Amino acid sequence: MKKRPHILITNDDGIHAPGIKHLVDALRGSADLSIVAPASEQSCIGLALTLRSPLIINEIKWEGAESYSVTGTPADCVKMALSVILRSRPDLIVSGINRGGNQGRSLLYSGTVGGVIEGVFQGIGGIAFSSFDYEETEYLAFESYILKITNYILTNPLPQGTLLNVNFPSHTLYKSRKDTLFGVKLTRQGREYWADDPKIHSPNTYMLGCKLLQFEEHEESDTY
């Protein structure tokens, strides 16, 4: 009998975010799932690690999957999953579904992508899923594509040292709210990124802020 694949699920929006619930729903029937995700939101944290305070692990009740929260970053979650929590090494790491897109050079700031990169460092391939929409995110429309893409990567493993970054487009690009997505397109990484735009908050105090720098993009890029 063929062994079911084992998938580690994480994110950066936090273990109680709606996106991770839909990610679990999409994959529940096709693999053994382990969830290790941040206890609170960790957006734009990239590959950051928690080195100056202890990490607290709590078991979370989740039907059909072992689940734990970690008081740290997505990269912390993957490190703790692989070195402390899991009894067996996963076949794949899947992260998301992030609320907001991760494309262009800005994806390097992403905690969603950061968790997958940490797995790649340790020899485990991964997929980061994000939605362009920060509000009115249509997670249900993505679930069948998540299953298809994940099953394809399990059958056709990524080259060692690589990951797959997937962005679902805004629902405003569908012909109507009743239509589904049109398909999947393989792209190259675009050039746009979030640049500094600090705002003074009080004397000697600033909010970093950011503004999106856009460029003329190749038609085959994720940003385009």
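From a predicted model like this one, the values you see are computed outputs, not experimental measurements. Residues take their numbers from the sequence shown, with the count starting at 1.
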Taking Lys199 for the side chain and Tyr206 for the main chain, is one N or O donor matched with an acceptor at less than 3.5 Å?
-> no
Any side-chain heavy atom of Thr150 within less than 4.5 Å of one from Ile153?
-> no
Do Asn11 and Thr112 have a side chain donor and acceptor closer than 3.5 Å?
-> no
Could you tell me the separation between the CD1 atom of Ile93 and the NE2 atom of His6, rounded to the nearest 0.5 Å?
-> 10.0 Å
Under 3.5 Å: donor-acceptor pair, side chain of Asn98, backbone of Gly100 = yes
Is Ile200 atom CD1 crowded by more than 12 heavy atoms from other residues, nucleotides or ligands, each under 6.0 Å away?
-> yes
Compare all side-chain heavy atoms of Ile146 with those of Phe168 and state whether any distance is below 4.5 angstrom.
-> yes
Regarding Thr73 and Gln42, is there a side-chain donor-to-acceptor distance under 3.5 Å anywhere?
-> no
His22 vs Tyr139 aromatic rings, parallel, tilted or perpendicular, using cut-offs 30° and 60°?
-> parallel
Could Lys185 and Glu220 be called an ion pair, given the rule that one side-chain N must be under 4.0 Å from one carboxylate O?
-> yes
Give, for atom CD1 of Ile85 and atom OG of Ser34, the distance between the pair rounded to the nearest 0.5 Å.
-> 9.0 Å
Any side-chain donor near an acceptor of the partner, Asp222 and Thr187, under 3.5 Å | no
Residues Asp25 and Arg28 bridged, charged N to O under 4.0 Å | yes
Should Leu92 and Val94 count as side-chain neighbours, where that means a heavy-atom distance under 4.5 Å?
-> yes
In the hydrophobic cluster built from side-chain contacts under 4.5 Å, what are the other members alongside Phe132?
-> none
Please list, chain by chain and in numerical order, all residues satisfying salt bridge (charged side-chain N to carboxylate O under 4.0 Å, His left out) with Asp32, sequence neighbours excluded.
-> Arg4
